[in-house]
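To keep things clear, I will list the structure first and then write my remarks on it.
All residue numbers refer to positions in the sequence shown, counting from 1. FYI, side chains are in, hydrogens and waters are out, and symmetry mates aren't considered; it's all heavy atoms of this structure.
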Amino acid sequence: MVWAPKEAVKVIWHVIDNMRQKWLLLAACFWVLFLVIVTSKFITLTFKDTDGYGIKQEPSKLTTLFKLKKLPEEKRLQVAGKHPFDKTLHSVLVQMDRLELLRNMCQDALLSNLSHTALSKFVLDRIFVSDKHKILFCQTPKVGNTQWKKVLMVLNGAFSSIDQIPENVVHDPERNSLPRLSSFSESEIQKRLNGYFKFFIVRDPFERLISAFKDKFIHNPRFEPWYKHEIAPVIIKKYRKNRTETKGLQFEDFVRYLGDPNHRWLDLQFGDHIIHWVTYVELCAPCEINYNVIGHHETLEDDVPYILKEAGIDHLVSYPFIPPGITSYNKTKVELYFSGIAKRDIRRLYARFEGDFKLFGYQEPEFLFN
């Protein structure tokens with residue numbers, strides 16, 4: 001068969017057109033594949049932190065996640081109470097909010113003196129290690145830390161269950177099998193800070209101080225006589241206004257000591273006993289260490305299962321039973337303890353603990369200032 005020139009040209013253009021369509025289709029497929037890869041990478045980076053620990057959610061859950069994110073806190077809790085799946089997502093969002101607030105406050109130049117501290121031996125002494133499960137827990141006394149230490153003791157193999165742990169062993173460094181981060185070399189410390197799951201618990205700063213005062217200077221259940229017989233007399237001598245008063249340490253004396261801008265010379269004299277009332281910043285260096293989870297004493301019932309799951313230990317150990325309402329903030333108690341204290345002393349106390357209030361989202365106690 002012999003084609004005329006015009007017919008030959010038509011056939012050639014037809015072939016070219018078909019090839020062009022195929023190339024366009026192939027290019028479109030590559031473009032779609034590229035978008036899928038980029039989107040997948042974005043989701044991974046958004047919901048997983050640089051340490052390999054943090055918020056891990058499947059793409060199919062994202063729609064629900066962002067819907068909950070837009071809800072007010074009160075409404076979000078109502079929804080979470082009805083749907084267990086949404087309750088889990090609520091915990092995810094709570095942690096996102098807390099960590100975002102912490103990052104923002106750490107970058108606030110006006111708070112720099114109250115939010116930053118050196119990674120000293122004092123800080124590293126507060127951090128307990130579970131190498132087997134790659135966990136770091138920073139101790140913040142008077143916030144239910146005893147129970148978390150028991151959890152780590154079980155994980156480290158010292159006991160098979162929490163119920164078997166004697167109370168006098170928990171706080172004994174020679175017997176509790178809880179190595180501290182300070183016991184490792186500098187390179188090993190950095191290795192654990194960069195690669196382990198890290199968390200700590202906070203509580204309303206003023207309510208924590210009340211708890212510390214009651215536990216160490218009033219009830220003293222673990223019989224630590226040095227608080228009453230060595231530390232209290234020194235505070236009374238320097239800070240008591242009424243020299244004729246013969247009672248033991250009063251909360252008013254304690255507040256004056258803590259709010260004194262020159263408190264550090266007494267802190268040095270008291271040594272590590274001050275861990276029960278120094279700030280969270282001084283204890284755990286939250287602006288220097290990239291923590292994965294921040295638990296709140298007030299929401300411990302929700303935070304405990306989330307922490308256990310994120311740390312990958314929820315199938316290995318259980319946290320002791322939390323009686324309903326026991327961790328709730330008690331405004332009446334705070335008002336009662338501060339009722340007879342001068343506003344000037346309360347403001348000086350707040351000035352010292354302002355970083356703890358702002359870094360962790362606690363409201364300024366204006367009811368104590370008015």
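Phe353 and Leu110 are assigned to two separate hydrophobic clusters, defined by single-linkage of ILVMFWY side chains at heavy-atom distances under 4.5 Å.
Between the side chain of Asn292 and the main chain of Lys198, a donor-acceptor pair closer than 3.5 Å is present. Side-chain atoms of Tyr350 never come within 3.5 Å of backbone atoms of Glu366 as a donor-acceptor pair (strictly under, hydrogens ignored).
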May I have the step-by-step check of ring-ring contact (aromatic ring centres under 6.0 Å, His included) for Tyr329 and Tyr362, ending in yes or no? CA-CA 11 Å; Tyr329 174 67; Tyr362 287 103; 8.1 Å; no
Go through the steps to decide whether Phe357 and Met105 satisfy the test side chain to side chain contact (heavy atoms under 4.5 Å, CB included), and finish with yes or no. CA-CA 11 Å; Phe357 277 93; Met105 292 297 101; over 6 Å; no
Using side chain to side chain contact (heavy atoms under 4.5 Å, CB included), reason through Phe199 and Ile294 one step at a time and then give a plain yes or no. CA-CA 6 Å; Phe199 76 101; Ile294 303 170; over 6 Å; no
Check against side chain to side chain contact (heavy atoms under 4.5 Å, CB included), Leu155 and Lys132: CA-CA 8 Å; Leu155 291 174; Lys132 183 177 180 180; over 6 Å; no
Please determine whether ring-ring contact (aromatic ring centres under 6.0 Å, His included) holds for the pair Tyr280 and Phe200, giving the CA-CA distance in whole Å, both sets of side-chain angles, and the decisive distance to 0.1 Å. CA-CA 9 Å; Tyr280 300 129; Phe200 66 103; 7.2 Å; no
Trp277 and Phe254: CA distance, side-chain angles, deciding distance, ring-ring contact (aromatic ring centres under 6.0 Å, His included) verdict: CA-CA 10 Å; Trp277 51 77; Phe254 190 54; 5.5 Å; yes
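Ring orientation note: the planes of Tyr227 and His276 are nearly perpendicular, at an angle over 60° on the 30°/60° scale.
Contact check on Asp314 versus Lys309 returns no salt bridge, with no Lys/Arg side-chain nitrogen under 4.0 Å from an Asp/Glu carboxylate oxygen. With respect to Arg126 and Glu282, no salt bridge is recorded, no charged nitrogen being found less than 4.0 Å from a carboxylate O. Salt bridge annotation for Asp204-Lys333: absent, with no cationic side-chain nitrogen under 4.0 angstrom from a carboxylate oxygen. Look at Glu354 and Arg347 and you find no salt bridge, because none of the NZ, NE, NH1 or NH2 atoms lies under 4.0 Å from a carboxylate O. Electrostatic pairing of Glu186 and Lys191 does not count as a salt bridge here, judged by no charged N lying under 4.0 Å from a carboxylate O. At a threshold of 4.0 Å, the pair Glu224-Lys216 counts as salt-bridged, since one of the basic side-chain nitrogens sits closer than that to a carboxylate oxygen. Asp253 has a carboxylate O that lies under 4.0 Å from a charged side-chain N of Arg240, or vice versa, which qualifies the two as a salt bridge.
With Phe184 as the aromatic partner, Arg192 meets the cation-pi criteria of under 6.0 angstrom to the ring centre and within 45 degrees of the ring axis. Judged by a 6.0 Å distance limit and a 45° cone about the ring axis, Arg208 is not positioned over the six-membered ring of Phe206. In this structure, Lys331 satisfies the cation-pi test against Phe367, with its NZ or CZ atom closer than 6.0 Å to the six-membered ring centre and inside 45 degrees of the ring normal.
Checked by atom type, the side-chain pair His133/Tyr196 shows no donor-acceptor distance below 3.5 Å.
Taking the six-membered ring for Trp, Trp148 and Phe128 have ring centres at least 6.0 Å apart.
Minimum heavy-atom separation, His116 to Val281: N-CG1, 4.0 Å.
By the 4.5 Å heavy-atom criterion applied to side chains, Ile135 and Leu152 are counted as neighbours.
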